[in-house]
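Numbered from 1 within each chain, the chains take letters A, B, ... in sequence-line order.
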Amino acid sequence: DTEVTQTPKHLVMGMTNKKSLKCEQHMGHRAMYWYKQKAKKPPELMFVYSYEKLSINESVPSRFSPECPNSSLLNLHLHALQPEDSALYLCASSQDRTGYNEQFFGPGTRLTVL
Amino acid sequence: GDSVTQMEGPVTLSEEAFLTINCTYTATGYPSLFWYVQYPGEGLQLLLKATKADDKGSNKGFEATYRKETTSFHLEKGSVQVSDSAVYFCALGASTGFQKLVFGTGTRLLVSP
């Protein structure tokens with residue numbers, strides 16, 4: 001199984017809502033990532049988890065809160081988002097966090113903030 | 001710091017034409033190099049990779065050779081199909097430690113029948 005799954009596929013939320021994005025992989029990977037991708041741009045790294053611990057936070061606003069409940073799951077909790085946070089949110093995983101290893105991406109969650 | 005430069009798009013081709021998308025990089029050490037493809041409305045898929053100089057990655061008719069002397073990793077395909085229409089990202093990963101995956105800006109490919 002070389003698949004990373006993400007739910008939901010689409011999400012529309014208001015600025016006062018609280019929602020969560022979910023990501024799952026069963027490849028035994030020990031590094032997991034959240035990226036944000038705006039239209040016609042490459043993905044921008046947000047967070048890196050290595051062995052279930054937050055390893056890197058790329059100065060992401062606190063209205064985004066990541067969580068790694070176990071080695072297969074990664075969540076991104078959203079609260080009080082702004083319209084400019086509308087984007088495609090991609091989850092990825094890799095064997096470990098060294099750049100030598102390829103990252104496998106999920107299909108993404110298309111988020112719209114009203 | 002490390003960087004990746006891709007040719008500007010869109011690249012517009014007719015079906016069965018030859019494809020080249022240029023990618024050059026700047027990095028210390030010996031990075032791994034990747035090509036990812038993103039079809040409309042989807043996430044990124046790994047297309048191919050190379051981990052050392054003169055390695056050739058290949059997949060689905062696409063090829064790219066890791067050229068250290070020219071710091072390049074150009075993507076080629078001998079005969080494109082309409083279904084190859086997508087955005088292609090060249091990316092670099094450090095060989096040791098962690099540095100975030102460095103992406104090029106992406107090149108959109110449009111193939112017409």
Side-chain angles (χ1 to χ4, degrees), chain A residues 2-10 21 23-25 27 29-51 53-60 87-111, chain B residues 1-10 21 23 25 27-52 55 57 59 64 66 73 86-110:
Chain A
T2 58
E3 189 178 24
V4 175
T5 59
Q6 289 187 245
T7 56
K9 191 171 177 62
H10 299 278
L21 310 185
C23 173
E24 190 166 5
Q25 58 88 14
M27 294 178 277
H29 289 170
R30 304 316 300 266
M32 296 185 76
Y33 311 78
W34 280 115
Y35 287 86
K36 173 182 177 180
Q37 186 180 27
K38 301 286 270 185
K40 299 185 179 181
K41 297 289 187 183
E44 297 174 30
L45 183 66
M46 299 174 72
F47 302 104
V48 180
Y49 272 82
S50 178
Y51 290 85
K53 294 191 186 324
L54 183 62
S55 176
I56 292 179
N57 176 341
E58 290 281 300
S59 303
V60 179
L88 181 68
Y89 288 84
L90 295 164
C91 175
S93 71
S94 62
Q95 184 172 338
D96 57 41
R97 69 173 203 169
T98 58
Y100 177 88
N101 295 303
E102 61 267 40
Q103 294 181 21
F104 293 86
F105 285 80
T109 293
R110 176 75 59 190
L111 174 67
Chain B
D2 295 350
S3 67
V4 174
T5 302
Q6 280 183 247
M7 61 190 292
E8 291 283 332
I21 300 178
C23 171
Y25 68 90
T28 54
Y30 302 91
S32 292
L33 299 173
F34 309 93
W35 276 102
Y36 284 88
V37 58
Q38 186 172 32
Y39 298 101
E42 298 186 11
L44 276 68
Q45 296 178 26
L46 179 68
L47 185 57
L48 52 84
K49 67 177 279 191
T51 58
K52 61 184 187 296
D55 261 5
N59 185 24
Y66 189 141
F73 193 55
V87 179
Y88 293 81
F89 291 99
C90 184
L92 174 161
S95 57
T96 57
F98 177 80
Q99 293 179 33
K100 59 185 179 182
L101 201 58
V102 177
F103 286 95
T105 52
T107 302
R108 181 172 298 275
L109 171 65
L110 301 170

(request) Report the distance from atom OG1 of B/Thr51 to atom CG of A/Asn101, rounding to the nearest 0.5 Å. (result) 10.0 Å
(request) Assess whether atom CD of A/Gln95 is packed by more than 12 heavy atoms of other residues, nucleotides or ligands within 6.0 Å. (result) no
(request) First locate atom CG of B/Leu101, then atom OH of A/Tyr35, and finally report the distance between them rounded to the nearest 0.5 Å. (result) 5.0 Å
(message) I'd like to check B/Tyr36 versus A/Gln103 (side-chain heavy atoms, cut-off strictly below 4.5 Å). Are they in contact?
(response) yes
(message) Only pairs of heavy atoms separated by less than 4.5 Å count here; which of A/Arg110, A/Lys40, A/Glu58 has the most with chain B?
(response) A/Glu58
(message) Return the CG to CD distance between B/Leu47 and A/Glu102, rounded to the nearest 0.5 Å.
(response) 12.5 Å
(message) Measuring from atom CZ of B/Phe103 to atom CD of A/Gln37, what distance do you get when rounded to the nearest 0.5 angstrom?
(response) 8.5 Å
(request) Answer with side chain, backbone, both or neither: which region of A/Asp96 has an atom nearer than 4.5 Å to a non-hydrogen atom of chain B? (result) neither
(request) Identify the heavy atoms of B/Gly104 and A/Pro42 that sit nearest to each other, and give their distance. (result) O-CB, 3.4 Å
(message) If I measure from the heavy atoms of chain A, does B/Leu44 come under 4.5 Å with its side chain, its backbone, both, or neither?
(response) both
(request) Might you confirm whether atom NZ of B/Lys52 has over 12 heavy atoms from other residues, nucleotides or ligands at distances under 6.0 Å? (result) no
(request) Would you mind telling me which of A/Pro43, A/Ala31, A/Gly106 has the largest number of heavy-atom pairs within less than 4.5 Å of chain B? (result) A/Pro43
(message) Please classify the contact between B/Gln45 and chain A as side chain, backbone, both or neither, with a heavy-atom cut-off of under 4.5 Å.
(response) neither
(request) With a 4.5 angstrom heavy-atom cut-off, could you sort out which part of A/Gln6 is near chain B: side chain, backbone, both or neither? (result) neither
